[in-house]
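Before any comments, here is the structure.
First the proteins, then the strands, lettered A, B, ... as listed; each starts at 1.
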2 protein chains.
Amino acid sequence: MRSAEFNKEHVLRQAMVTFMQYGYNKTSMQTLTKATGLHPGSIYCAFKNKKGLLLGAIEQYQQDRNAQFETLFSQHTTAHSALSALLDVIVDECLNGESGQVCLLTKTLTELEGQNDEISSVLANNLISFENSLAKVIQDGIKRQEISAKPDAKERAQFLAMGIYGIRTYAATRRQAEILRQLSDRLLATVLT
Amino acid sequence: MRSAEFNKEHVLRQAMVTFMQYGYNKTSMQTLTKATGLHPGSIYCAFKNKKGLLLGAIEQYQQDRNAQFETLFSQHTTAHSALSALLDVIVDECLNGESGQVCLLTKTLTELEGQNDEISSVLANNLISFENSLAKVIQDGIKRQEISAKPDAKERAQFLAMGIYGIRTYAATRRQAEILRQLSDRLLATVLT
DNA sequence: TTTAAGCTTGAACAATCATTCAAGAAAATC
DNA sequence: GATTTTCTTGAATGATTGTTCAAGCTTAAA
């Protein structure tokens, strides 16, 4: 009877950052031991294997993101200002985040799609849940008669999600503040019109 | 004096498909020898190394894509029908293409961004050149007074490119014809309004 | 203080990785 | 037909991969 010495959340966040930076396949266990400070045995004991560590990191990412966005949304009273603030965060991450260190979900899904169905479906589910939380914000705006009920919240949220994924890939080709802001402005206008 | 036995274009297309399916880091040289039919020595003689083979595959991909899209665009007289046809092709690829086997450029850029600056910049340049060819089609539409001159062709093309990247990532989460068609319709309407 | 449970450590494992290279084979030149 | 040039072949390289495991250590219960 002895409790683990390491902080699981902390370890998962370190792994998360490492997976985001190098991608799943390029991240070696050696890299992960250095990043987390854990020895191989401890990692395999706590997370079973490399895939288990990724799944843990994905879960932690989702938790952190949900908390971040819920806080953000709670600070705004209209769908417009809430989503505008969200896009500001995303554009800012694209501009100021370390190169290659984008959203763990989209990055890993792009890499592993068609290779690992288990991880892919976990990632897809998490992204759909993100889309659903966008739909909720939009639905609130519709209820408040801030925007029209047609197209419905679901359809608007799908387009917004698509746009966010697109902005991130676009930023990989051109990291220019002016362009990314223009894209996000136009995206928001389209979604809320 | 003896000419190579293999067809370079053919080999590059095989490599291209393999890289698309597994991603750069998960594609081993062993896999590539099987896919191309070439022995290691021949690959290293013709392309220097694995990275060189990827660069060759990217070039081939770009060539094939340019030819495909130029043919497609030449069959249409309005920007609307040309871009609509393009989006049909892309949506069709998302729906009927093998899972994970999306655009080599965006997939590889997402995987290698921040890891390999040489490959990343080649990919970014190719994607920007794709965006420029979109701008050209749009500019033609403006000249023909099919669409208004403001926002300009460049800005519209940027938004369209972003949308295309977004649709592909979105398709990785949900491969549903109805949704993807709705997204592409809405994207086209936004770009041409 | 002894015992027992379980975490930590890090060396070792087989497998796979990208790459090399010397020998064999084929075509072009003489 | 001989020679030379270049391509092909595939075994071998050392490095790195993900994973295991037995020994050592720490803590909580007895």
Side-chain angles (χ1 to χ4, degrees), chain A residues 1-58 104 107-108 111-112 114-120 122, chain B residues 1-58 104 108 111-112 115-120 122:
Chain A
M1 279 139 191
R2 182 188 167 194
S3 54
E5 287 180 7
F6 61 88
N7 179 298
K8 202 165 182 175
E9 284 193 19
H10 183 249
V11 162
L12 285 175
R13 289 205 187 92
Q14 302 287 112
M16 194 180 94
V17 169
T18 310
F19 280 129
M20 273 202 269
Q21 183 147 27
Y22 301 106
Y24 180 72
N25 286 311
K26 188 66 182 175
T27 303
S28 67
M29 285 306 298
Q30 200 182 4
T31 305
L32 287 166
T33 57
K34 280 178 193 163
T36 59
L38 263 58
H39 292 251
S42 298
I43 293 182
Y44 280 84
C45 177
F47 306 103
K48 189 174 181 187
N49 53 25
K50 188 182 166 187
K51 189 170 88 174
L53 186 53
L54 175 66
L55 288 170
I58 290 169
L104 178 66
K107 172 151 182 166
T108 312
E111 184 182 357
L112 299 185
Q115 262 184 72
N116 189 313
D117 289 343
E118 186 194 346
I119 296 179
S120 291
V122 167
Chain B
M1 280 145 191
R2 183 188 165 193
S3 56
E5 285 179 8
F6 62 89
N7 178 299
K8 200 164 182 175
E9 283 193 19
H10 184 251
V11 163
L12 286 175
R13 288 202 188 94
Q14 302 287 113
M16 195 180 91
V17 170
T18 311
F19 280 130
M20 272 201 270
Q21 184 147 26
Y22 301 107
Y24 180 72
N25 286 311
K26 189 65 182 176
T27 303
S28 69
M29 286 305 299
Q30 200 182 3
T31 304
L32 287 165
T33 58
K34 280 178 193 161
T36 60
L38 264 57
H39 292 250
S42 299
I43 294 182
Y44 280 83
C45 177
F47 306 102
K48 188 173 182 188
N49 53 23
K50 189 182 165 187
K51 191 171 89 174
L53 185 54
L54 175 66
L55 287 169
I58 289 169
L104 179 66
T108 312
E111 184 182 356
L112 299 184
Q115 262 184 73
N116 189 313
D117 289 343
E118 185 194 348
I119 295 179
S120 291
V122 167

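Residue Phe19(B) forms a side-chain contact (heavy atoms from CB on, under 4.5 Å) with just one option from Thr108(B), Leu104(B), Thr31(B), and that option is Leu104(B).
Within the structure, every side-chain polar atom (N or O) of His39(A) is placed at least 4.0 Å from both OP1 and OP2 of dT8(C). In this model, the phosphate group of dT20(C) is not approached by any side-chain N or O of Tyr44(B) to a distance below 4.0 Å at OP1 or OP2. Between Ser42(A) and the phosphate of dT8(C), there is a side-chain N or O to OP1/OP2 separation shorter than 4.0 Å. Taking side-chain N and O atoms only, Gln30(B) has no distance below 4.0 Å to OP1 or OP2 of dA18(C).
For Ile43(B) and dC21(C), the CD1 to P distance is 17 Å, given to the nearest whole Å. In this structure, CG of Asn49(B) is placed 12 Å from C1' of dT20(C), rounded to the nearest angstrom.
Along DNA chain C, the nucleotide closest to Cys45(A) and the one closest to Pro40(A) are compared, and the more 5′ of them pairs with Cys45(A).
Cation-pi geometry between Lys51(A) and Tyr24(A) is not met at under 6.0 angstrom from the ring centre and within 45 degrees of the axis.
Across all strands, Thr27(B) comes closer than 4.0 Å only to sugar-phosphate atoms, never to a base (heavy-atom distances).
When every heavy atom of Glu111(A) is checked against every heavy atom of Glu111(B), the shortest pair comes out as OE2-OE2, 4.2 Å.
For CZ of Phe47(A), the number of neighbouring non-hydrogen atoms (other residues, nucleotides, ligands) closer than 6.0 Å is greater than 12.
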